[in-house]
Chemist: 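Could you have a look at this structure, given as structure tokens, before my questions?
First listed ligand is number 1; within each ligand, the first listed atom is number 1. If you're wondering where the values come from, they're calculated on a predicted model, not measured in any experiment. Computation of the quantities below employed the complete heavy-atom set of this structure, encompassing side-chain atoms and omitting hydrogens, waters and symmetry-equivalent molecules.
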Amino acid sequence: MSQTKKATAVAPSNIAFVKYWGARDLERVVPENPSVSMTLSTCVSRCTVEHLPGETGEHEIRWRPGTGAGLETPPPAFSERIRAHLDRLRDHFDCGGRFRLATENSFPAAAGLASSASGFSAVTLAVTGALGREVDGAERSDLARRSGSGSASRSVFGGYVRWPGDGLTGHTGDDSTCPAVQILPASHWNLRDVIALVESGPKEVSSLDGHRRARTSRHFEARLTHLPRRFDAVCRALEARDFEAFGREVEAEAIELHTIAMTSEPPIYYWKPATVAVLEAVRHLRRAGMPAWSTMDAGANVHVICEPESEDAVAERLAEVPGVVQVIRDGVGDGPKTFTDPASDEHLF
Ligand code: PMV
């Protein structure tokens, strides 16, 4: 390839209903347990990549503050992780040269809103687009996973996604693949995610460190024992659109992840006082007859899952909780989009 080529990818974040927490092989990003998530539509990373085939030297990486709160600085280790992923993709595609990259988020980064999922999914798709390579969903997912962010493997698909797609067998060799797969399209069930932001700055402990410490919790083995049942229950409830059965498992799962984090050595406390206040407000909503369930990733913010008819009331209630700085309304989406040679993204460089 001799011509400079450019592409932009817009990739959404995702929220896991059964969480990836702990890795069999953190280096190769092989999880301890399967996870299942919903790809969002409003919380996105937008990444433009230009391939400079004949050039040598460092990649150029630019962070653009986006439109949400708390976006003035990139997440910790941002440039090193992106640079390493660009090197990895260059090796994979054997394309030589170097890349110019600019990326921005529509939401606060590194605060437990899965900015690494959307970010690395966007980088992977933008590079693939800039190189003009045809790759199928499994390869895209596997490449995104190899960024080090396992959840990025799920963000390359829309709707409801499980990772690994084929269960957890034999993903340990040097060249093993471990892609995610879509289990249901977005059109299957219009679930909403009303996000109560209680902090917009980066969290103190990265999810990578969380995965590293997971096994030090005495509760971790117990989690692995009962997780297959929970995983099946969540998938069945999604399939049947059974909101009550779904919500019960999903909320308990999120509390369990944080129990593991809080009982790891050293312990990780992601919650803030307002996190607990939101969890309580959601329980009160349910008692008042409003079906809504909480979940959280590795951060203080709370994702409140509901159906469309409850969304307004849930958003209004969450905005009143002391300590909630912003309410973001999101919901299931169709997944990423890639554009080639986008003149509209000139401003990014
Ligand atoms: O993809 P990572 O390494 O950032 O880990 C994601 C961890 C959680 O968001 C807490 C759970 C998940 O499955 O998304």
Chemist: Hey, is ligand 1 close enough to Tyr20 that some N/O pair sits below 3.5 Å?
Modeler: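 Yes, at least one N or O pair falls under 3.5 Å.
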Chemist: Could I get the full list of side chain to side chain contact (heavy atoms under 4.5 Å, CB included) partners for Arg248, not counting sequence neighbours?
Modeler: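 Here the qualifying residues are Glu244, Trp293.
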Chemist: Would you confirm whether the ring centroid of His211 sits within less than 6.0 angstrom of the ring centroid of Tyr20?
Modeler: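 Yes, close enough.
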Chemist: Does Asn14 use its side chain to pair, donor to acceptor, with the backbone of Ser37 at less than 3.5 Å?
Modeler: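 Judged by distance alone, no pair lies under 3.5 Å.
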Chemist: With heavy-atom distances below 4.0 Å as the criterion, list the atoms of ligand 1 near Lys19.
Modeler: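 This gives 11 (C), 13 (O) as the contact atoms.
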Chemist: Which ligand 1 atoms, with their elements, are less than 4.0 angstrom from a heavy-atom of Ser207?
Modeler: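 With Ser207 as reference, the close atoms of ligand 1 come out as 2 (P), 3 (O), 4 (O), 5 (O).
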Chemist: Do any N/O atoms on Arg154 end up under 3.5 angstrom from N/O atoms on ligand 1?
Modeler: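 N/O-N/O distance below 3.5 Å exists for this pair.
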Chemist: Only one of Arg90, Arg83, Glu60 forms a side chain to side chain contact (heavy atoms under 4.5 Å, CB included) with Phe99, so which one is it?
Modeler: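 It is Arg90, the one option of Arg90, Arg83, Glu60 that forms the side chain to side chain contact (heavy atoms under 4.5 Å, CB included) with Phe99.
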Chemist: Enumerate the atoms of ligand 1 whose separation from the nearest heavy atom of Ser116 is less than 4.0 angstrom.
Modeler: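 Heavy-atom distances to Ser116 below 4.0 Å select 4 (O).
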Chemist: Find all atoms of ligand 1 within a distance of less than 4.0 Å from any non-hydrogen atom belonging to Gly150, and give their numbers and elements.
Modeler: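 Counting atoms of ligand 1 from 1, those under 4.0 Å from Gly150 are 1 (O), 3 (O).
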Chemist: As an exercise, identify every atom of ligand 1 less than 4.0 angstrom from a heavy atom of Ala16.
Modeler: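 Counting atoms of ligand 1 from 1, those under 4.0 Å from Ala16 are 12 (C), 13 (O), 14 (O).
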Chemist: For Ser151, take its heavy atoms, then give the atoms of ligand 1 lying under 4.0 Å from any of them.
Modeler: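 Per the distance check, 1 (O), 2 (P), 4 (O), 6 (C), 14 (O).
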Chemist: Any carboxylate oxygen within less than 4.0 angstrom of a Lys/Arg side-chain nitrogen, looking at Arg223 and Glu256?
Modeler: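 Looking at Arg223 and Glu256, the cut-off is met.
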Chemist: Give every residue pair that meets the side chain to side chain donor-acceptor pair (under 3.5 Å) criterion with at least one member in residues 231-243, sequence neighbours excluded.
Modeler: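 Every candidate side chain to side chain donor-acceptor pair (under 3.5 Å) pair involving residues 231-243 fails, so no pair, neighbours aside, qualifies.
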